[in-house]
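Below: one structure, written as structure tokens.
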Protein chains: 2
Amino acid sequence: MYRTVYWHYNIMNNKENILKCALELFASKGYDAVGVQEIVTNAGITKPTMYYYFENKRGLLEAIMKEYASDLLIKVTKASAYHGDITKTLTDITMEYFNYAAKHPDFFRLQLSLWLAPPESEAFQVIFPYLELEQKAIEELFLYAAKDHGNMKGRHVLYALSFLGIIHTYIGISFNGYTKLNDELVYKLIHQFMHGIFS
Amino acid sequence: MYRTVYWHYNIMNNKENILKCALELFASKGYDAVGVQEIVTNAGITKPTMYYYFENKRGLLEAIMKEYASDLLIKVTKASAYHGDITKTLTDITMEYFNYAAKHPDFFRLQLSLWLAPPESEAFQVIFPYLELEQKAIEELFLYAAKDHGNMKGRHVLYALSFLGIIHTYIGISFNGYTKLNDELVYKLIHQFMHGIFS
DNA sequence: ATGCCAATATACCGTTCGGTACATTAAAAG
DNA sequence: CTTTTAATGTACCGAACGGTATATTGGCAT
């Protein structure tokens with residue numbers, strides 16, 4: 001018979017706890033620099049417990065991406081719907097990114113650190129599909145917007161990539177303490193992207 | 001007595017060869033993912049030879065940065081001198097970056113992959129001083145330019161960071177095969193930074 | 001009460017990690 | 001021709017790596 005209840009009256013869910021510890025460590029030290037032993041010690045369990053829930057170290061990263069990146073992707077995709085006002089849509093997207101980075105700083109630090117990582121590295125190969133989908137969603141926005149703005153025609157890929165680049169840059173700047181992720185920064189970013197530094 | 005000649009009639013200089021192999025591997029797989037053994041095997045020597053020339057693995061990265069990043073820094077600093085035409089100066093800086101990325105793709109891939117790496121990671125701590133100096137050089141440019149362009153006042157830090165962000169983004173885009181690093185892309189980048197995507 | 005099974009720990013695997021003690025090589029200096 | 005010394009290989013270190021065979025635990029259904 002199928003069962004959905006827990007056998008052990010655990011104080012906390014081990015699987016989620018492992019994931020949380022792994023994310024913290026990956027974000028602060030980098031994926032390759034963190035050992036499995038370090039993760040499970042931080043989580044207060046042992047290695048076989050981790051390997052019971054996840055196939056391997058890579059599976060940990062995959063689970064993190066599945067939990068957070070797909071969530072982010074949905075929000076970004078929704079915000080990317082074009083309704084005739086490109087400035088508003090870009091503002092919405094930026095706010096989704098900023099909100100997500102503020103709400104899940106560890107995840108976003110990890111995504112940031114792997115954004116331009118070597119394509120051959122294991123970690124990059126795990127996150128690439130998600131990055132690609134984010135990119136495609138924004139590409140489509142610019143493709144639609146090009147119908148109203150002729151000068152955008154044929155530039156949707158470069159616009160999507162550079163827009164994502166500016167967003168990642170601004171979030172990186174905030175993580176390094178140079179500024180704060182607030183509505184004013186959203187405005188500055190959009191203004192810079194749309195009109196450049198010459199007001 | 002001081003000697004400048006080689007004792008061994010080596011076909012190739014081991015020290016430079018080790019550095020070259022290390023750079024290639026760091027760039028393609030990531031600093032943490034590359035072991036010392038892999039480096040020396042690629043270089044066709046053994047570990048003690050590497051440790052004869054470099055203190056440790058970190059010393060390898062430091063030597064790479066000293067060879068390439070200080071070179072790049074000099075070029076960027078020179079190009080950052082403000083002579084009344086901010087557009088031209090930014091164009092010059094961008095061309096220096098593009099030229100350097102094209103001439104030393106392995107080095108720049110490495111710098112790119114560590115640009116937003118976790119601040120606690122060893123590799124980031126090695127490259128940070130160089131990144132910081134590049135940033136300061138460009139900050140100073142915007143500080144000077146603000147005398148001619150009042151609207152820039154108080155924004156030199158954000159401008160410098162976002163300008164570097166766009167440059168890194170564009171170079172990353174080219175490395176991933178979406179476009180090529182040529183004069184046309186320099187123009188596009190500068191135009192976007194100065195006037196936004198709305199021509 | 002008992003058999004089942006998800007969940008977890010003990011103890012271990014072979015490999016690779018960064019790093020080194022020590023012997024050897026060979027060319028320059030005397 | 002001997003001494004010196006930069007340069008390099010052999011062989012090894014303890015620790016950490018990712019991963020696992022196996023035993024135990026303890027609720028659950030029967």
Side-chain angles (χ1 to χ4, degrees), chain A residues 1-23 25-26 28-64 120-126, chain B residues 1-26 28-64 118 120-126:
Chain A
M1 182 192 275
Y2 189 71
R3 287 156 286 189
T4 54
V5 289
Y6 295 118
W7 275 259
H8 297 219
Y9 294 122
N10 290 331
I11 294 171
M12 54 172 18
N13 186 311
N14 262 341
K15 188 175 180 182
E16 286 182 18
N17 188 233
I18 294 168
L19 228 47
K20 199 196 74 185
C21 292
L23 177 53
L25 288 167
F26 288 161
S28 70
K29 307 175 74 172
Y31 175 79
D32 287 314
V34 176
V36 173
Q37 185 59 56
E38 194 177 357
I39 295 170
V40 299
T41 302
N42 259 58
I45 49 116
T46 57
K47 273 200 272 186
T49 301
M50 191 232 101
Y51 281 98
Y52 175 78
Y53 290 110
F54 306 95
E55 200 183 341
N56 44 37
K57 185 185 175 184
R58 183 193 183 119
L60 269 175
L61 183 56
E62 281 167 353
I64 289 171
E120 285 188 39
S121 67
E122 179 178 284
F124 182 81
Q125 285 168 19
V126 172
Chain B
M1 185 191 271
Y2 188 72
R3 290 156 284 188
T4 53
V5 290
Y6 295 118
W7 274 258
H8 297 223
Y9 293 122
N10 291 330
I11 294 171
M12 56 176 13
N13 186 310
N14 263 341
K15 187 175 180 181
E16 285 181 18
N17 189 232
I18 294 167
L19 227 47
K20 199 195 73 183
C21 292
L23 177 53
E24 275 177 21
L25 289 167
F26 288 162
S28 71
K29 308 175 72 172
Y31 176 79
D32 287 315
V34 177
V36 173
Q37 184 60 55
E38 193 177 359
I39 295 170
V40 299
T41 301
N42 259 58
I45 49 117
T46 55
K47 274 199 273 186
T49 303
M50 191 232 100
Y51 280 98
Y52 175 78
Y53 291 110
F54 306 95
E55 199 183 342
N56 44 37
K57 185 185 174 185
R58 182 192 184 121
L60 270 174
L61 182 56
E62 281 167 353
I64 289 171
E120 286 188 39
S121 67
E122 179 178 283
F124 182 81
Q125 285 168 19
V126 171

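Keep in mind that this is a model prediction, so the values were computed, not measured. Residue numbers start from 1 in every chain, and the chains themselves are labelled A, B, ... in the order their sequence lines are given, proteins ahead of strands.
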Original post:
Less than 4.5 Å apart, any side-chain heavy atom of B:Val36 and any of B:Tyr51?
Top reply: yes
Subject >> Contact under 4.0 Å: A:Lys47 side-chain N or O vs D:dG19 OP1/OP2 >> reply: no
Original post:
Of the candidate nucleotides C:dG18, C:dA7, D:dG9, which contains the atom at the shortest distance from the side chain of B:Val36?
Top reply: C:dG18
**OP:** Would you mind telling me which residue lines up with the more 5' stretch of DNA chain D, A:Arg58 or B:Thr49, judged by nearest nucleotide?
**Re:** B:Thr49
**OP:** Could you tell me the separation between the NZ atom of A:Lys15 and the P atom of C:dT8, rounded to a whole number of Å?
**Re:** 12 Å
Subject >> Length of the CD1-P vector between B:Ile45 and D:dA6, whole Å >> reply: 19 Å
Original post:
Given atom OH of A:Tyr31 and atom P of D:dC17, what is their separation to the nearest angstrom?
Top reply: 13 Å
Original post:
Hey, does the side chain of B:Tyr52 come within less than 4.0 Å of C:dT20's phosphate (OP1/OP2), counting only N and O?
Top reply: no
**OP:** Would you indicate, yes or no, if C:dT8 has its OP1 or OP2 atom less than 4.0 angstrom from a side-chain nitrogen or oxygen of A:Asn14?
**Re:** yes
**OP:** State, yes or no, whether a side-chain contact exists between B:Glu122 and B:Tyr31 at a heavy-atom distance under 4.5 Å.
**Re:** yes
Original post:
Looking at the side chain of A:Pro48, which of C:dA11, D:dG19, C:dC17 is the nearest nucleotide?
Top reply: C:dA11
Subject >> Integer-rounded Å distance: D:dA16 C1' and B:Asp32 CG >> reply: 14 Å
**OP:** Look at all strands and tell whether A:Val34 reaches a base, only sugar-phosphate, or nothing, counting heavy atoms closer than 4.0 Å.
**Re:** sugar-phosphate
**OP:** Look at the side chain of B:Tyr53 and decide which nucleotide, out of C:dA9, D:dG9, D:dT8, has an atom nearest to it.
**Re:** D:dT8
**OP:** Would you kindly check if the NZ (Lys) or CZ (Arg) of B:Lys15 is within the cone defined by 45 degrees around the ring axis of B:Tyr52 and under 6.0 Å from the six-membered ring centre?
**Re:** no
**OP:** Ignoring backbone atoms, test whether B:Tyr51 places a side-chain nitrogen or oxygen under 4.0 Å from the OP1 or OP2 oxygen of C:dT20.
**Re:** no
**OP:** Take atom CZ of A:Phe54 and atom C1' of C:dA6, then tell me their distance rounded to the nearest Å.
**Re:** 16 Å
**OP:** Using a 4.5 Å cut-off on heavy atoms from C-beta on, say whether the side chain of B:Leu19 contacts that of B:Phe54.
**Re:** yes
